[in-house]
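Below is one structure; the comments refer to it alone.
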Protein chains: 2
Amino acid sequence: MTQRLDHVFAALADPTRRQILSMLLEDDMAVTDVAEPFVMSLAAISKHLAILANAGLITQEKRGRVKWCKLEPDAMKDASVWMQGFGQFEPVNLDAFEAFLAEQFPPD
Amino acid sequence: MTQRLDHVFAALADPTRRQILSMLLEDDMAVTDVAEPFVMSLAAISKHLAILANAGLITQEKRGRVKWCKLEPDAMKDASVWMQGFGQFEPVNLDAFEAFLAEQFPPD
DNA sequence: TTCATATTCAACCATCTGGTTGACGATTGC
DNA sequence: GCAATCGTCAACCAGATGGTTGAATATGAA
């Protein structure tokens with residue numbers, strides 16, 4: 001798991017890759033379309049996408065000659081949970097939130 | 001701000017540095033004490049601490065000949081907020097949560 | 001003063017990173 | 001079939017990263 005965190009945080013450390021993730025938030029995209037707004041080469045973007053895929057932050061599926069890239073936001077979960085462990089910066093009252101949940105979704 | 005995210009995520013991408021942060025969660029520590037559980041040299045730990053300080057994740061204060069390292073968990077806030085923006089992994093219905101908040105803390 | 005402790009600095013090294021270019025394989029459209 | 005498009009691969013490059021060692025600096029203790 002520590003290795004998974006390595007990969008996720010390292011992937012997120014690059015602004016190009018963060019921008020790609022933001023783009024994929026709107027919709028799945030082909031590699032060429034991902035590359036379009038950037039000034040760097042297609043090969044460079046292809047590498048960035050491979051790094052994101054290796055971190056589990058996206059998946060890629062080839063249909064015909066087009067490779068579609070899809071955001072996998074769950075991959076950020078472990079990293080997010082790890083960070084929350086330092087949680088002095090929780091934005092809301094979690095006790096109240098849990099009470100709310102218990103009310104909305106009562107246990108069996 | 002994108003540069004701040006660069007530094008924070010890059011700092012978190014190394015397991016040694018994450019372990020140091022976890023250690024500092026318990027208490028402030030001197031550089032030598034931080035280095036103690038690791039097999040690498042003191043100079044290497046000193047560099048890791050400088051990277052954490054540059055990212056704002058810790059602060060260092062020299063008292064006498066000892067330099068104390070202190071966790072600054074707020075520095076993770078921006079990164080955490082950025083990640084939450086991908087929030088498909090939120091465990092609950094956010095609309096319902098917002099309704100709950102509006103009820104608990106009505107706007108003026 | 002002198003010695004020991006705490007930490008950094010400087011030089012060095014191997015490896016990783018992020019980019020380039022050009023060639024290549026696979027698929028589609030005419 | 002043939003040309004164009006989609007994407008990756010391979011080789012290369014400059015610079016960053018993570019580690020080492022030995023010397024240097026600064027403070028504290030005897």
Side-chain angles (χ1 to χ4, degrees), chain A residues 2-24 27-72 79, chain B residues 2-24 27-72 79:
Chain A
T2 169
Q3 212 164 335
R4 178 137 220 98
L5 287 181
D6 287 2
H7 289 148
V8 170
F9 282 130
L12 296 180
D14 185 280
T16 299
R17 290 195 288 264
R18 288 200 305 276
Q19 189 176 335
I20 290 174
L21 291 177
S22 296
M23 291 162 59
L24 291 176
D27 208 352
D28 298 356
M29 297 179 80
V31 173
T32 305
D33 294 334
V34 169
E36 197 270 333
F38 297 95
V39 294
M40 70 188 71
S41 69
L42 183 62
I45 295 295
S46 179
K47 283 191 194 178
H48 280 303
L49 289 170
I51 290 171
L52 289 170
N54 183 248
L57 290 163
I58 66 168
T59 48
Q60 296 182 288
E61 186 196 353
K62 194 165 183 180
R63 283 203 296 275
R65 65 181 161 182
V66 173
K67 200 166 186 177
W68 292 92
C69 305
K70 177 176 166 45
L71 187 65
E72 296 290 346
Chain B
T2 169
Q3 213 163 335
R4 178 137 218 97
L5 286 182
D6 288 2
H7 289 149
V8 171
F9 281 130
L12 296 180
D14 185 280
T16 298
R17 290 193 290 264
R18 287 199 306 274
Q19 189 177 336
I20 291 174
L21 291 176
S22 296
M23 291 161 58
L24 291 177
D27 208 352
D28 299 357
M29 295 179 82
V31 173
T32 304
D33 294 334
V34 169
E36 197 270 332
F38 297 96
V39 294
M40 70 188 70
S41 70
L42 184 61
I45 295 295
S46 179
K47 282 190 194 178
H48 280 303
L49 289 170
I51 290 170
L52 289 170
N54 184 248
L57 289 164
I58 66 168
T59 49
Q60 295 182 289
E61 184 197 353
K62 192 165 182 179
R63 284 204 296 275
R65 64 181 161 180
V66 173
K67 200 166 186 178
W68 293 91
C69 305
K70 176 177 167 44
L71 187 65
E72 296 290 345

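Residue numbers begin at 1 in each chain, while the letters A, B, ... track the order of the sequences. Keep in mind that this is a model prediction, so the values were computed, not measured.
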_Are B:Lys70 and B:Met29 packed together at the side-chain level, in the sense that at least one heavy-atom pair is separated by less than 4.5 angstrom?_
no
*asked:* Categorize B:Ala30 for me: base, sugar-phosphate, or nothing, with a 4.0 angstrom heavy-atom threshold over every strand shown.
replied: sugar-phosphate
*Quick check: does any side chain N or O of B:Arg4 sit under 3.5 Å from a backbone N or O of B:Ala55, one acting as donor and the other as acceptor?*
yes
*Any N or O donor-acceptor pair linking the side chain of B:Arg65 to the base of C:dT7 at under 3.5 Å?*
no
_Nucleotide C:dT17, atom C1' - distance to CZ of B:Phe9 in whole Å_ = 18 Å
*Rounded distance in Å - CD1 (A:Ile58) to C1' (D:dG7)*: 13 Å
*Mind checking B:Arg63 for me? I need base, sugar-phosphate or nothing, with any heavy atom below 4.0 Å counting as a touch.*
nothing
*Does A:Ile51 offer a backbone N or O that forms a donor-acceptor pair with the side chain of A:Arg17 under 3.5 Å?*
no
*May I have the distance from B:Met29 (atom CE) to C:dT7 (atom P), rounded to whole angstrom?*
11 Å
*Between D:dG18 atom P and A:Asp6 atom CG, what is the distance in whole Å?*
10 Å
*Just compare C:dT20, C:dT7, D:dG19 and give me whichever is closest to any side-chain atom of A:Met40.*
C:dT20
*Is the shortest heavy-atom distance from the side chain of A:Ile58 to the side chain of A:Leu49 under 4.5 Å?*
yes
*Kindly say whether A:Leu12 contributes a backbone atom to a donor-acceptor pair with the side chain of A:Arg18 at under 3.5 angstrom?*
yes
*Rounded off to whole Å, could you give me the CD1-to-C1' distance for the A:Ile20 and C:dG19 pair?*
14 Å
*For C:dT8, does OP1 or OP2 lie under 4.0 Å from any side-chain N or O of B:Ser46?*
yes
*Please determine, for the side chain of B:His48, which listed nucleotide (D:dG18, C:dG19, C:dT8) has the closest atom?*
D:dG18
*Base, sugar-phosphate, or nothing for B:Leu42, non-hydrogen atoms under 4.0 angstrom?*
base
*Roughly, in whole Å, what's the span from CG in A:Leu49 to P in D:dC6?*
15 Å
_Go nucleotide by nucleotide along DNA chain C from the 5' end; which of A:Ala13 and B:Lys67 gets its closest nucleotide reached first?_
B:Lys67
*asked:* Less than 4.0 angstrom between a side-chain N/O of A:Ser41 and OP1 or OP2 of C:dG19, yes or no?
replied: no
*Quick one: is C:dT17 close enough that its OP1 or OP2 comes under 4.0 Å of any side-chain N or O from A:Lys47?*
no
*Between B:Val66 and A:Lys62, just flag the one whose closest nucleotide in DNA chain C comes earlier from the 5' side.*
B:Val66
*With respect to the side chain of B:Thr16, which nucleotide from C:dT8, D:dG19, C:dT20 is positioned closest?*
D:dG19
*When you measure from the side chain of A:Thr32, which nucleotide among D:dG7, C:dG18, D:dT21 comes out closest?*
D:dG7
_Side chain proximity check, B:Lys67 to B:Ser46, heavy atoms < 4.5 angstrom_ = no
*Mind calculating the distance between CG (A:Leu52) and P (D:dT8) to the nearest angstrom?*
12 Å
*asked:* Go nucleotide by nucleotide along DNA chain D from the 5' end; which of B:Gly64 and B:Ile51 gets its closest nucleotide reached first?
replied: B:Ile51
*Protein-nucleotide distance (B:Gln60, atom CD; C:dT7, atom P), rounded to Å*: 9 Å
